[in-house]
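Order of listing sets the numbers, starting from 1, for every ligand and every atom in it. Worth saying up front: this structure is predicted, and the values here are computed from it rather than measured.
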Amino acid sequence: MHSIYARVNGVSGLWSTCIMVLLAAVALSSFLFNADPKGNLDIVSLKVFHSKTRRYPYRNEEISFVKFNISTDFTPLFNWNTKQLFVYLEAEYTNAQGVNNTVILWDRIVRRKEQAKIDVVQKDKYRLRDLSGSFRDVLPAQYSLKYNVMPYVGVLSYGEAARTLEPIDFPEAKDSVS
Ligand SMILES: *[C@@H]1O[C@H](CO)[C@@H](O)[C@H](O)[C@H]1NC(C)=O
Ligand SMILES: *[C@@H]1O[C@H](CO)[C@@H](O)[C@H](O)[C@H]1NC(C)=O
């Protein structure tokens, strides 16, 4: 009785050691693939409008509309330890109060290698608003296309695929969308 128990215990200990070593090897192998895909990012147009929101009908809020063109091939990021990618377009700017903000304008989850070639020309998915309600005196913004790689085993990794060459000015707000 005693010896059977000890034996089962020994086998399952060996088994879990094997699994640990295997998982560590898979996680480490990801570092061998240091793919660093680079692509293109253009801000096609940037417009600012006054808008009266339903929540604050008496407050004149400004909203920016960003149209962009991104094209990047993320296929090299897919290996046997890639579960999925999170790809996103980010705006970075300093507002009139001197606060640095980063805002996500568009994102996509890529689950399969066949969907990893991304060519998108469209308007922002998430509206760009500033907490202060205005883009007056806001410094020109930088835009960047970034990604997270989520592995089956191991840690998340981050990267940047493209960035606008020059910061882009916010134009003066026009009337009016509501
Ligand atoms: C988007 O950018 C790519 C690469 O710079 C370019 O080839 C393509 O013509 C652009 N598309 C539009 C609609 O501007
Ligand atoms: C905002 O970003 C700029 C440029 O990256 C940096 O020099 C500055 O110190 C940042 N300001 C704050 C308040 O973090």
Side-chain angles (χ1 to χ4, degrees), residues 30-53 60-96 99-152 154-178:
S30 300
F31 291 106
L32 300 178
F33 300 95
N34 46 359
D36 185 22
K38 293 293 174 203
N40 278 304
L41 161 63
D42 285 319
I43 301 303
V44 178
S45 70
L46 173 58
K47 292 175 183 155
V48 181
F49 290 104
H50 296 293
S51 153
K52 298 210 178 352
T53 59
N60 189 348
E61 191 191 30
E62 293 177 7
I63 304 180
S64 291
F65 292 84
V66 184
K67 190 179 174 193
F68 58 86
N69 173 358
I70 54 185
S71 51
T72 304
D73 186 359
F74 289 100
T75 316
L77 291 176
F78 275 86
N79 59 55
W80 61 72
N81 192 26
T82 305
K83 181 155 185 262
Q84 60 184 29
L85 307 180
F86 181 63
V87 178
Y88 55 104
L89 175 65
E90 198 173 71
E92 305 159 20
Y93 66 93
T94 305
N95 75 6
V99 179
N100 286 344
N101 284 323
T102 59
V103 181
I104 291 184
L105 300 177
W106 172 91
D107 57 16
R108 179 179 287 179
I109 291 172
V110 183
R111 294 203 169 83
R112 297 189 315 141
K113 195 174 186 172
E114 295 72 41
Q115 301 162 340
K117 232 177 148 289
I118 293 186
D119 293 291
V120 175
V121 184
Q122 68 167 61
K123 287 220 174 92
D124 44 15
K125 186 166 153 190
Y126 311 112
R127 294 280 171 259
L128 179 52
R129 299 179 153 91
D130 191 65
L131 266 186
S132 69
S134 171
F135 287 96
R136 202 169 309 132
D137 301 328
V138 169
L139 295 176
Q142 288 273 11
Y143 298 84
S144 57
L145 180 65
K146 296 185 176 170
Y147 59 85
N148 296 349
V149 184
M150 294 174 206
Y152 286 106
V155 291
L156 274 181
S157 58
Y158 297 83
E160 184 175 293
R163 171 171 285 273
T164 45
L165 294 176
E166 300 272 324
I168 298 168
D169 269 318
F170 285 99
E172 203 161 319
K174 292 193 183 125
D175 299 329
S176 151
V177 287
S178 46

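- Annotation: atom 13 (C) of ligand 1 to nearest protein heavy atom, Val121 CG2, 3.9 Å.
- Remark: atom 11 (N) of ligand 1 lies closer than 4.0 Å to at least one protein heavy atom.
- Atom 4 (C) of ligand 1 has as its closest protein heavy atom Ser71 OG, 3.7 Å.
- Side chains of Gln142 and Thr164: a donor-acceptor N/O pair is present below 3.5 angstrom, by distance only.
- At the top of the distance list for atom 14 (O) of ligand 1, counting protein heavy atoms only, stands Asn69 ND2, 3.3 Å.
- Within the 4.0 angstrom cut-off, atom 2 (O) of ligand 1 has one or more protein heavy-atom neighbours.
- Put simply, the side chain of Val103 does not reach to within 4.5 Å of the side chain of Tyr126, judged on heavy atoms.
- Across all their heavy atoms, Glu62 and Arg136 have their closest contact at OE2-NH2, 3.7 Å.
- In summary, the aromatic rings of Phe74 and Tyr147 are positioned with their centroids under 6.0 Å apart.
- Closest approach of Ser64 to Asp124, counting heavy atoms only: O-OD2, 3.5 Å.
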